[in-house]
Chemist: 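Below is the structure I would like to discuss, written out as structure tokens.
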Amino acid sequence: MDLKQFVNWDENEKPLENIVTDGGYVGIFRTIACIGDSLSSGEFESTREDGKIGYHDYYDYSWGQYLARMAGCTVKNFSMGGMTAKCYCEAFGPWNGYMDKERKGHAQAYIIALGVNDILNCKMELGTTADICREDCTKNKDTFAGYYGRIVQQALNMEPRAKFFFVTIPDHGGGGEREKLADGHAALMHDMAAFFPSAYVLDIRKYGPVYDEAFRQKFFLGGHMNAAGYLLTARIIASYMDYVIRHNMEDFAQVGFIGTPHERK
């Protein structure tokens with residue numbers, strides 16, 4: 001028996017070379033939390049009678065829920081259209097109990113997909129990992145990096161052994177100032193993964209498809225994705241996570257103990 005047919009491990013493999021449709025090794029997690037904005041919430045756009053655009057978060061169509069159905073795990077949507085890291089820290093997270101282990105906040109893994117509204121739309125200062133106070137997250141600087149770090153720190157307070165997956169902003173093609181800002185965001189995600197324990201980057205910007213006009217015609221409905229787009233995103237996220245797990249099997253050997261008082265030493 002060739003073990004590679006089960007692990008599919010090749011040291012030269014690049015992310016997203018092998019696409020999974022059943023969740024792959026994401027299935028080792030029983031609970032995952034998705035922290036994000038409209039694109040993590042299955043948001044669809046409608047046209048109202050007055051001609052204005054309506055925005056609707058249909059969570060059952062979110063890539064997180066497609067991922068849950070693929071991998072057979074529970075995925076929690078800690079997301080909402082328009083979400084920023086600042087809003088999550090100061091209002092949305094605390095109000096909904098997402099920063100409270102005894103309420104809803106606990107998960108074995110956290111996928112964080114924030115930055116579009118913060119960096120591209122609200123022009124918040126990007127910041128660096130130097131803006132994060134390891135001892136007290138409330139002392140983090142008021143930058144995107146500071147608020148993003150606070151989210152991770154709060155999750156670590158709830159579950160010190162949790163795994164984290166930081167998602168970069170997809171490449172929309174064409175260059176320009178927004179793409180430069182997205183490049184800076186991607187660099188920060190890699191710095192964050194080096195700063196925090198058990199953190200990995202899902203670098204969709206580098207390895208994922210370009211969201212150009214041809215892509216948008218198939219997978220978008222206005223400024224947000226359609227149902228097929230969210231399903232495709234779920235397959236991309238699942239395949240990238242599967243790749244990370246397969247290439248770091250030792251890091252994930254004790255996932256089954258996350259959320260319990262037990263461990264193997």
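Note that this is a predicted model, so its numbers are computed, not measured.
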Chemist: Evaluate Phe44 against Tyr61 for ring pair (Phe, Tyr, Trp, His ring centres under 6.0 Å), listing each step before the verdict.
Modeler: CA-CA 9 Å; Phe44 295 139; Tyr61 279 98; 5.3 Å; yes
Chemist: As a quick check of understanding, evaluate salt bridge (Lys or Arg N to Asp or Glu O under 4.0 Å) for Asp118 and Lys123, giving each step before the final call.
Modeler: CA-CA 6 Å; Asp118 314 71; Lys123 308 301 182 184; over 6 Å; no
Chemist: Side chain to side chain contact (heavy atoms under 4.5 Å, CB included) between His224 and Leu39: does it pass, once the steps are laid out?
Modeler: CA-CA 7 Å; His224 291 82; Leu39 292 175; 4.0 Å; yes
Chemist: Give a yes or no on whether the backbone of Tyr59 and the side-chain of Asp57 come within a donor-acceptor separation of less than 3.5 Å.
Modeler: no
Chemist: Are Ile32 and Cys73 close enough that some pair of their side-chain heavy atoms sits under 4.5 Å apart?
Modeler: yes
Chemist: Could you pull out the closest heavy-atom pair between Ser239 and Leu16, with the gap in Å?
Modeler: CB-CD2, 3.9 Å
Chemist: Which heavy atom in Lys104 sits nearest to a heavy atom in Lys76, and how many Å separate them?
Modeler: O-NZ, 3.3 Å
Chemist: If you measure from the Lys or Arg side-chain nitrogens to the Asp or Glu carboxylate oxygens, is any gap between Glu125 and Lys141 under 4.0 Å?
Modeler: no
Chemist: Give me the atom names and distance for the closest heavy-atom approach of Ser62 to Ser41.
Modeler: CB-C, 3.7 Å
Chemist: Check whether any side-chain heavy atom of Trp63 sits under 4.5 Å from a side-chain heavy atom of Ser40, and report yes or no.
Modeler: yes
Chemist: Enter the distance from Cys137:SG to Ile151:CD1 here, rounded to the nearest 0.5 Å.
Modeler: 10.5 Å
Chemist: Any side-chain heavy atom of Arg30 sitting closer than 4.5 Å to one from Gln108?
Modeler: yes
Chemist: Determine, step by step, whether Asp251 and Tyr200 satisfy the side chain to side chain donor-acceptor pair (under 3.5 Å) criterion, reporting the C-alpha distance in whole Å, the side-chain angles of both residues, the deciding distance to 0.1 Å, and the verdict.
Modeler: CA-CA 11 Å; Asp251 294 356; Tyr200 309 85; 2.8 Å; yes
Chemist: Please check: side-chain N/O of Tyr98 versus main-chain N/O of His106, any donor-acceptor pairing under 3.5 Å?
Modeler: no
Chemist: When rounded to the nearest 0.5 angstrom, what is the spacing between CG in Leu232 and CZ in Phe215?
Modeler: 5.0 Å
Chemist: State the CG-CZ distance between Asp131 and Arg150, to the nearest 0.5 angstrom.
Modeler: 14.0 Å
Chemist: When you look at Tyr58 and Gln65, which way does the side chain to side chain contact (heavy atoms under 4.5 Å, CB included) test go after all the steps?
Modeler: CA-CA 10 Å; Tyr58 282 9; Gln65 295 311 314; over 6 Å; no
Chemist: Please answer: with hydrophobic residues joined when any side-chain heavy atoms are less than 4.5 Å apart, are Ile119 and Ile112 in the same cluster?
Modeler: yes
Chemist: Side-chain contact, heavy-atom cut-off 4.5 Å: Ile35 with Met83?
Modeler: no
Chemist: Look at the side-chain heavy atoms of Ile, Leu, Val, Met, Phe, Trp and Tyr, link any pair under 4.5 Å apart, and say whether Ile28 and Ile258 land in one connected group.
Modeler: yes
Chemist: Report yes or no: does Gln254 contribute a side-chain atom to a donor-acceptor pair with the main-chain N or O of Arg264 at less than 3.5 Å?
Modeler: yes
Chemist: Does the side chain of Gln153 come under 3.5 Å of the side chain of Asn140 through a donor N or O and an acceptor N or O?
Modeler: yes
Chemist: Would you check if the side chain of Arg216 reaches a backbone N or O of Gly223 as a donor-acceptor pair within less than 3.5 Å?
Modeler: no
Chemist: Using a 3.5 Å distance criterion without hydrogens, assess whether the side chain of Arg235 forms a donor-acceptor pair with backbone atoms of Ile19.
Modeler: no
Chemist: Do the side chain of Glu263 and the main chain of Phe257 share a donor and acceptor less than 3.5 angstrom apart?
Modeler: no
Chemist: Please check if the side chain of Asn77 supplies one atom and the backbone of Ser79 the other of a donor-acceptor pair under 3.5 Å.
Modeler: no
Chemist: Between Arg246 and Asp242, does a salt bridge (Lys or Arg N to Asp or Glu O under 4.0 Å) hold up when you go through it step by step?
Modeler: CA-CA 6 Å; Arg246 286 188 289 103; Asp242 174 78; 2.7 Å; yes
Chemist: With hydrophobic residues grouped by side-chain heavy-atom distances under 4.5 Å, do Phe219 and Leu67 end up in a single group?
Modeler: yes
Chemist: Any non-hydrogen side-chain atom of Val244 less than 4.5 Å from a side-chain atom of Met241?
Modeler: no
Chemist: Below 3.5 Å, can you tabulate the donor-acceptor pairs from side chains in residues 189-199 to any protein atom, sequence neighbours excluded?
Modeler:
unit_1 : atom_1 : unit_2 : atom_2 : d
His190 : NE2    : Asp203 : OD2    : 3.0
Ser198 : OG     : Lys163 : NZ     : 3.4

Chemist: I'd like to check Thr143 versus Leu126 (side-chain heavy atoms, cut-off strictly below 4.5 Å). Are they in contact?
Modeler: no
Chemist: Scan for salt bridge (charged side-chain N to carboxylate O under 4.0 Å, His left out) pairs involving residues 33-49, sequence neighbours excluded, and state none if there are none.
Modeler: Arg48-Asp50
Chemist: Taking all atoms of both residues into account, what is the closest heavy-atom pair of Thr168 and His185, and its distance?
Modeler: CA-CE1, 4.0 Å
Chemist: Show the nearest heavy-atom pair for residues Ala234 and Tyr66, with the distance to one decimal.
Modeler: CB-CB, 3.5 Å
Chemist: Check the pair Met70 / Thr21 against side chain to side chain contact (heavy atoms under 4.5 Å, CB included), numbers first and verdict last.
Modeler: CA-CA 7 Å; Met70 282 183 204; Thr21 57; 5.7 Å; no
Chemist: Does Tyr148 have its ring centroid less than 6.0 Å away from the ring centroid of Phe166?
Modeler: yes
Chemist: Measure the CE-OH distance between Met249 and Tyr25 for me, rounded to the nearest 0.5 Å.
Modeler: 5.0 Å
Chemist: Please tell me whether Tyr147 and Tyr88 form a close aromatic pair, meaning their ring centres lie under 6.0 Å apart.
Modeler: no
Chemist: Working to the nearest 0.5 Å, report the span between CD1 of Ile111 and CG of Leu202.
Modeler: 7.0 Å
Chemist: Are any non-hydrogen side-chain atoms of His247 and Glu11 less than 4.5 angstrom apart?
Modeler: no
Chemist: Identify whether Val167 and Tyr230 are in the same connected component of the hydrophobic contact network (ILVMFWY, side-chain heavy atoms under 4.5 Å).
Modeler: yes
Chemist: Kindly write out the residues that satisfy ring-ring contact (aromatic ring centres under 6.0 Å, His included) with Phe220, not counting sequence neighbours, or none if the list is empty.
Modeler: Tyr211
Chemist: Does a side-chain heavy-atom distance below 4.5 Å link Tyr243 with Asn18?
Modeler: no
Chemist: What is the minimum heavy-atom distance between Leu114 and Ala85, and which atoms define it?
Modeler: CD1-CA, 4.0 Å
Chemist: Take Arg205 and Glu179, measure what salt bridge (Lys or Arg N to Asp or Glu O under 4.0 Å) needs, and give me the verdict at the end.
Modeler: CA-CA 10 Å; Arg205 182 166 189 78; Glu179 294 304 307; 2.7 Å; yes
Chemist: Closer than 4.0 angstrom, basic N to acidic O: yes or no for Asp60 and Arg69?
Modeler: yes
Chemist: Specify whether Phe165 and Phe252 have parallel, tilted or perpendicular ring planes, treating 30° as the upper limit for parallel and 60° as the lower limit for perpendicular.
Modeler: parallel
Chemist: In the single-linkage hydrophobic clustering (I, L, V, M, F, W, Y; side-chain heavy atoms under 4.5 Å), do Val210 and Ile204 co-cluster?
Modeler: no
Chemist: Can you tell me how far the OG atom of Ser38 sits from the OH atom of Tyr55, to the nearest 0.5 Å?
Modeler: 9.0 Å
Chemist: Please test Arg178 against Asn121 for side chain to side chain contact (heavy atoms under 4.5 Å, CB included), starting from the C-alpha separation and ending with a verdict.
Modeler: CA-CA 9 Å; Arg178 286 175 68 89; Asn121 298 335; 3.3 Å; yes
